[in-house]
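Worth knowing before you read on, the calculation uses all heavy atoms, side chains too, and leaves out hydrogens, waters and symmetry mates. Worth saying up front: this structure is predicted, and the values here are computed from it rather than measured.
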Amino acid sequence: MAYWLMKSEPDTFSIDHLAKRPGKTEAWDGVRNYQARNFMRSMSRGDEVFFYHSNCDEPGIVGLMRVRTEAYPDPTQFDSKHAHYDPGSKPEEPRWSLVEVEFVRKLRRTLTLNELRGHAERLKGLALVMRGSRLSVMPVRPEQWKFILSLEKKDPSPSARGE
DNA sequence: GCCAACGTTGGC
DNA sequence: GCCAACGTTGGC
């Protein structure tokens, strides 16, 4: 059992999109970064994942989901009409993978990037809070997973609220 | 919309 | 194999 974090732009696909389909799986397609792909390939059914909203008004962790399949080739890489089409990828040797995920729950509040950055010591090594990191799929250490989840029950500090 | 930081591409 | 140019990510 491992823990992960995956980013999505809510304008494209948000936690509410996922929440509308409880019990169903959703293909996490469109990952076009080798490091992120490799992390997806090392996922197992049952792994838990933080859903992170990026490139939006309030970037942060907004929910939980669960991995439902092993990684398999992302079909959008072969679709010439698709935004994520990759003409360099051959069906006999697919370059990009995806996993399917299911909705678990929304968090009671958004754990903002700003708030998470305020816990630099506890979250040391987490790619999300590392300077310059743009990784969209990353592992979360178990103790860090627990710590982040525990923040849900607390009020964010004034500084984390941007005050 | 800006732009820093990063990843990829391709000429050499 | 180097590295400049380019494209993308994503916070602000």
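- Listed nucleotides B:dC6, C:dG11, C:dG10 differ in distance to A:S136; the shortest reach to its side chain belongs to C:dG10.
- Smallest separation of non-hydrogen atoms from A:F13 and A:S8: O-OG, 2.6 Å.
- Residues A:Y34 and A:W96 place their aromatic rings such that the two centres sit under 6.0 Å apart.
- Atom-to-atom, CG of A:N55 to P of B:dC6 comes out at 17 Å; the value is rounded to the nearest Å.
- Here the C1' atom of nucleotide C:dG10 and the NE2 atom of A:H53 are 14 Å apart, to the nearest Å.
- Between B:dC6, C:dG11, C:dG10, one nucleotide has an atom nearer to the side chain of A:K7 than all others, and that is C:dG10.
- In this entry the distance linking CZ of A:R32 with C1' of C:dT8 reads 14 Å, nearest Å.
- For A:N33, whose side chain is taken as the heavy atoms from C-beta onward, the closest listed nucleotide among C:dG10, B:dG7, C:dC12 is B:dG7.
- Here the options are A:K24, A:R68, A:R45, A:R21, the test is salt bridge (charged side-chain N to carboxylate O under 4.0 Å, His left out), and the partner is A:E102; only A:R68 passes.
- Atom CZ in A:F13 sits about 16 Å away from atom P in C:dG10, given to the nearest Å.
- Within 4.0 Å of A:R131, counting heavy atoms only, lie sugar-phosphate atoms of the nucleic acid but no base atom.
- Side chains of A:R66 and A:T25: no donor on one and acceptor on the other come within 3.5 Å.
- Listed pair A:R134 / B:dT8 fails the phosphate criterion, with no side-chain N or O lying under 4.0 Å from OP1 or OP2.
- Summarising the geometry, the separation between CD on A:Q35 and P on C:dT8 is reported as 19 Å, rounded to the nearest angstrom.
- A straight line from CG of A:D57 to P of C:dG10 spans 16 Å, rounded to a whole angstrom.
- In this structure, CG of A:L116 is placed 11 Å from P of C:dG11, rounded to the nearest angstrom.
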